[in-house]
Amino acid sequence: APQTLRPELSAVAEARSHERATAGMELWPEKEDVPLVPPPLHAEHVSTPATPVESPSDMPLSAEAAFVEARRAQDGGRWEEAVRHYQQAIALDPTLPEVYNNLGHTYVRLNRLAAAIEAFRTALVLAPDYALARNNLGSTYLLSGQEDLAIPEFLEAVRLDGSYVTPYYNLALVYARRGNAGQAAAFLTKAFAMDPAVLSWVREEPDFAGVWNSPEFRRLRRVRTVQW
């Protein structure tokens, strides 16, 4: 399943901050479906310069070895180190879309959204049918306040993989934000049918509050077999 992330304000909010800014993002190969949460109001959306790639003598012998080191760094929360290893992997083999996807995921963790968008776009140039990167690009657009660009990416992700629950949920969230209860309920119904854990995502997501008592959501709650 994909891994997630999330940012906020002040030292006290720092821990929650990384958890809010990047939910809905997914890593390869461990795909862990997580709902998208709204971006912090004061997130920094400016990309910073890329970390320099080490000299050839310091580089691993293969892109696969660099990838493994990058995932190990991500699992340990060492984001800058992960960026460096992914850049090494790209220097050794620039044709692997999974590397660009995970690099984009790491940039989102660092709140470098412009760099993340570029990485996800590159992954999709290499593999246009890569549903995971489509969802992640849409999530990053949404985090950067570009809803109109996010929606087509989520729609394309579900077209490519109709069993992929996360973009259905993300679409429900976008339409809930817009006050479109009918569309939000339709996409949420599809997500819930694939994974009942979606229920816990909805309970934690304030963006559904505006449509929660709409006729569409009341009807949706009535037909669910679990307690909303």
Side-chain angles (χ1 to χ4, degrees), residues 1-7 17-34 36 39 43-56 58-144 146 149-150 153-154 156-157 160 164 166-167 170:
Q3 293 207 333
T4 60
L5 324 123
R6 319 176 195 189
S17 130
H18 280 308
E19 292 190 2
R20 274 191 74 73
T22 52
M25 309 300 301
E26 317 231 37
L27 276 175
W28 185 91
E30 285 141 18
K31 184 180 170 194
E32 171 189 313
D33 292 328
V34 185
L36 180 68
E44 176 58 62
H45 295 157
V46 179
S47 175
T48 57
T51 305
V53 176
E54 295 178 5
S55 64
D58 297 325
M59 291 177 66
L61 295 178
S62 68
E64 291 77 9
F67 184 93
V68 169
E69 290 301 317
R71 283 308 311 269
R72 184 175 293 127
Q74 279 184 304
D75 291 344
R78 303 186 303 277
W79 311 112
E80 293 289 358
E81 180 184 337
V83 167
R84 185 172 70 254
H85 288 305
Y86 282 131
Q87 289 175 336
Q88 289 173 339
I90 289 167
L92 289 160
D93 185 350
T95 67
L96 301 174
E98 297 86 0
V99 174
Y100 288 98
N101 176 73
N102 287 17
L103 176 61
H105 182 277
T106 308
Y107 279 140
V108 173
R109 196 61 157 112
L110 292 166
N111 211 22
R112 293 161 61 176
L113 300 188
I117 287 170
E118 182 179 354
F120 293 133
R121 283 175 173 169
T122 304
L124 290 167
V125 168
L126 294 170
D129 293 343
Y130 192 3
L132 195 67
R134 289 282 173 198
N135 175 74
N136 287 349
L137 178 58
S139 296
T140 309
Y141 279 140
L142 201 53
L143 288 169
S144 62
Q146 302 179 78
L149 294 178
E153 300 300 335
F154 295 141
E156 181 65 6
L160 292 168
Y164 187 8
T166 308
N170 288 344

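Residue numbers start at 1 and run along the sequence shown.
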With a 4.5 Å limit on heavy-atom distance, are the side chains of [X] and [Y] in contact?
X	Y	answer
L132	Y164	yes
S62	F67	no
L124	P97	no
R78	R72	yes
L137	N135	no

- Considering residues at least two apart in sequence or located in another chain, which fulfil the side chain to side chain donor-acceptor pair (under 3.5 Å) criterion with Q146? S144
- Across all chains, not counting sequence neighbours, the side-chain contact (heavy atoms from CB on, under 4.5 Å) partners of A116 are Y107, V108, F120, T140
- Taking only residues two or more places apart in sequence or in another chain, which ones pass side-chain contact (heavy atoms from CB on, under 4.5 Å) with A150? Y141, L142, F154
- Query: Using a distance-only test with no angle check, is there a side-chain donor-acceptor pair under 3.5 angstrom linking E98 and Y86?
  - Reply: no
From [X] [atom1] over to [Y] [atom2], what is the distance, rounded to the nearest 0.5 angstrom?
X	Y	atom1	atom2	answer
N101	T106	CG	OG1	9.0 Å
L110	H105	CG	NE2	11.0 Å
N136	N102	CG	CG	8.5 Å
E69	E64	CD	CD	13.0 Å

- With sequence neighbours left out, write down each residue that passes salt bridge (Lys or Arg N to Asp or Glu O under 4.0 Å) with E156, or none if nothing qualifies. R159
- Message: Once salt bridge (Lys or Arg N to Asp or Glu O under 4.0 Å) is applied, do any residues pair with R121, and if so which ones, sequence neighbours excluded?
- Response: none
- Item | A63 to L96 - nearest heavy-atom pair and separation | CB-CD1, 4.0 Å
- Query: Can you name the closest pair of heavy atoms from A123 and A133 and give their distance?
  - Reply: CB-CB, 4.2 Å
- Message: Show me the pairs that pass salt bridge (Lys or Arg N to Asp or Glu O under 4.0 Å) and involve residues 126-138, at least two apart or across chains.
- Response: R134-E153
